[in-house]
There are 2 protein chains.
Amino acid sequence: MNDTRQFHLLAGIMTERDTRSDDAIYQSLWEAIVEHRLSPGARLPEDALAGAFGVSRTMIRRVLQRLALEQLVTLRTHRGAQITSPTPGEARDVFRARRLLEGALLTEVVERITPEDLQALTQIAEQERHARREQAIRLSARFHARLMAIAGNASLSEALSQLISRTSLIIAVYGRHRAGCPCEHPDLIALLEAGELAPIQTWMHQHLTGIEASLDFTASGDALPDFEHLFGHHREQNAS
Amino acid sequence: MNDTRQFHLLAGIMTERDTRSDDAIYQSLWEAIVEHRLSPGARLPEDALAGAFGVSRTMIRRVLQRLALEQLVTLRTHRGAQITSPTPGEARDVFRARRLLEGALLTEVVERITPEDLQALTQIAEQERHARREQAIRLSARFHARLMAIAGNASLSEALSQLISRTSLIIAVYGRHRAGCPCEHPDLIALLEAGELAPIQTWMHQHLTGIEASLDFTASGDALPDFEHLFGHHREQNAS
DNA sequence: GCCTTGAAGATTGTATACAAGCATTTTCCA
DNA sequence: TGGAAAATGCTTGTATACAATCTTCAAGGC
């Protein structure tokens, strides 16, 4: 009887009930979070996840710890895991960090970019335009990650990837109109083809600042998960 | 009988055999790694650590996973954990990342630095000068971390802290003369007191480039842990 | 003498059992 | 009827047992 409820709780995360490996579970959860199928504040009971993925709590705990270290999930002792609700302060922090990092990396990106890179970026941007809204968010994240990978600095790319994921959480909490990246990416591709550094950096700075400016920090509080926002959309738990 | 050997294997990590929490174990291992008491390539058997810290493998595995995500430890399936031996490529990657990040953050550091900050930095530099060689490495890492924390960007500070820790590993593998940071930090403090951005950035760039230039990448290979280096110092396993 | 093949030992991977803590509800008293 | 305290149930924290895999060592063949 518990199983049914647990399964329902996480409907939409997985395709069918089969045993998956560590990384596959991480991937599934990551996508569900970045695509806003799991909203900030949502609780992630270990038993429910274990049941849904057909593994024991051991693996689930490992995955949750990894997500927690990446700040996508908040782990509180004896209170379990829930999707992180970034505070306004953290949100501004992430955008400042992204402006700095992406701005700096663009120098090397412009130097090293190849036609293959441009093609890959074009393809992602294309998918982004035709994708459903949920997947568009994930593709937008992939676009930025792929772009910055061109700089060829694995350490910074990884750090930046985490910042990009967290941006998705921030938009989930504070986004007003439901837009993530308002599909400006094709414009950047045109600039990249031209190859002039200055306008590219300007574009990126405005791109990030524009997203940040579109947020509304007045709604929710700082510390606690914003249940108001959660309830506004739809509640995961059924009341039985 | 196993216990004795295990305990001996990790001598010097802990003060006495008592039960510690998750974070305390992480801290102990982190310090042991950064201070080069555990050299790159050293194996970290779960049973041995569990015995040494008086906890079960469960906690040890969690700590090892965290260290692995920070790239201080390498986890290979069915083959256990060992201290990461950065490849020359990774080493250059880390230094490039540090030059970029620390250079960029210095702008905000100079803007926001307070007398209290200067005092704290002075104190660390002072301890550094009087400390034993092992602890000096850790203090040097703390100096850089404390300095960059002034910029007030938690996300980037955290990423940078990981890069700084990894630098310690790099020095352990490729350092020729046993110098880590050759105690140039007081010079930086003088520049910070003057408050001119340009010379500070120049200093930092030369500082990092100088450390990188002092490394010798010809010795060890790329992929595997360098047992040559390990044996050169002293072996952890006794031959019984 | 060296390489290949097999078996024993040791270590990790996963699941589960039990203990500890928190949340909710129920009950009792004012 | 409202509030507070206690008890029950649920969730997580930790340890341990067992299975799977790798490594090592030994024996046999080339």
Side-chain angles (χ1 to χ4, degrees), chain A residues 1-10 17-26 29 41-69 73-83 224-225 227 235-240, chain B residues 1-10 17-26 29 41-69 73-83 224-225 227 235-240:
Chain A
M1 67 155 205
N2 225 356
D3 239 354
T4 319
R5 190 174 62 87
Q6 293 170 350
F7 193 71
H8 175 255
L9 179 68
L10 296 159
R17 184 199 189 92
D18 55 353
T19 300
R20 303 212 205 170
S21 85
D22 196 303
D23 271 340
I25 295 173
Y26 168 82
L29 278 174
R43 306 204 64 215
L44 302 169
E46 298 175 357
D47 278 336
L49 291 167
F53 287 110
V55 296
S56 83
R57 283 173 49 210
T58 307
M59 285 181 109
I60 299 300
R61 287 177 69 80
R62 189 164 55 224
V63 172
L64 288 178
Q65 200 213 347
R66 177 168 169 193
L67 289 167
L69 289 173
V73 154
T74 301
L75 241 43
R76 288 185 302 169
T77 178
H78 281 295
R79 290 190 211 177
Q82 53 186 273
I83 309 295
L224 294 177
F227 291 109
R235 186 151 191 198
E236 271 95 1
Q237 277 179 316
N238 44 9
S240 101
Chain B
M1 69 155 203
N2 226 355
D3 239 354
T4 319
R5 190 174 62 87
Q6 292 169 352
F7 192 71
H8 175 255
L9 178 68
L10 297 160
R17 184 199 188 92
D18 57 352
T19 300
R20 303 214 206 170
S21 86
D22 196 306
D23 271 341
I25 295 173
Y26 168 82
L29 278 174
R43 305 205 64 214
L44 301 169
E46 298 176 358
D47 278 336
L49 290 167
F53 287 109
V55 295
S56 81
R57 284 173 48 210
T58 307
M59 285 180 107
I60 299 300
R61 287 177 69 79
R62 190 164 54 224
V63 171
L64 287 177
Q65 199 211 349
R66 178 169 169 193
L67 289 166
L69 289 173
V73 154
T74 300
L75 239 45
R76 287 186 303 169
T77 178
H78 282 294
R79 290 188 210 177
Q82 52 186 272
I83 308 295
L224 294 178
F227 290 108
R235 183 150 194 196
E236 272 95 359
Q237 275 177 316
N238 44 10
S240 101

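Everything numeric in this text was worked out from a predicted model, so none of it was measured. In the text below, chain A, chain B and the rest are named by the order of the sequence lines, each starting its count at 1.
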Applying side-chain hydrogen bond (donor to acceptor under 3.5 Å, both in side chains) to Arg79(B) and not counting sequence neighbours gives none
In Å, rounded to the nearest 0.5 Å, how long is the span from CZ of Arg62(A) to OH of Tyr26(A)?
14.0 Å
Rounded to the nearest angstrom, tell me the gap between atom CG in Leu75(B) and atom C1' in dC22(D).
15 Å
Report the distance from atom CG of Leu75(B) to atom CG of Leu67(B), rounding to the nearest 0.5 Å.
9.5 Å
In whole Å, I'd like the distance from the CG atom of Asp47(A) to the C1' atom of dT12(D).
9 Å
Less than 3.5 Å between a donor and an acceptor, one on the side chain of Arg79(A) and one on the base of dG13(D), is that the case here?
no
Spacing between Asp23(A) atom CG and dG13(C) atom C1', to the nearest angstrom:
14 Å
Let me spell it out: for each of Glu46(B) and His78(A), pick the nucleotide of DNA chain C with the closest heavy atom. Which residue's pick is nearer the 5' end?
Glu46(B)
Could you pull out all residues at least two apart from Gln65(A) that satisfy side-chain hydrogen bond (donor to acceptor under 3.5 Å, both in side chains)?
none
Atom of Leu44(A), atom of Leu64(A) and distance for their closest heavy-atom approach
CD1-CD2, 4.0 Å
Could you say whether Thr77(A) or Arg57(B) is positioned toward the 5' end of DNA chain C, judged by the nucleotide with the nearest heavy atom to each?
Arg57(B)
Roughly, in whole Å, what's the span from CD in Gln82(A) to C1' in dT12(D)?
14 Å
For the student: nearest non-hydrogen atoms of Ala50(B) and Arg57(B), plus distance:
CB-N, 4.0 Å
Contacts to DNA chain D from residues 58-67 of chain A, heavy-atom cutoff under 4.0 Å, which residues?
Arg61(A)
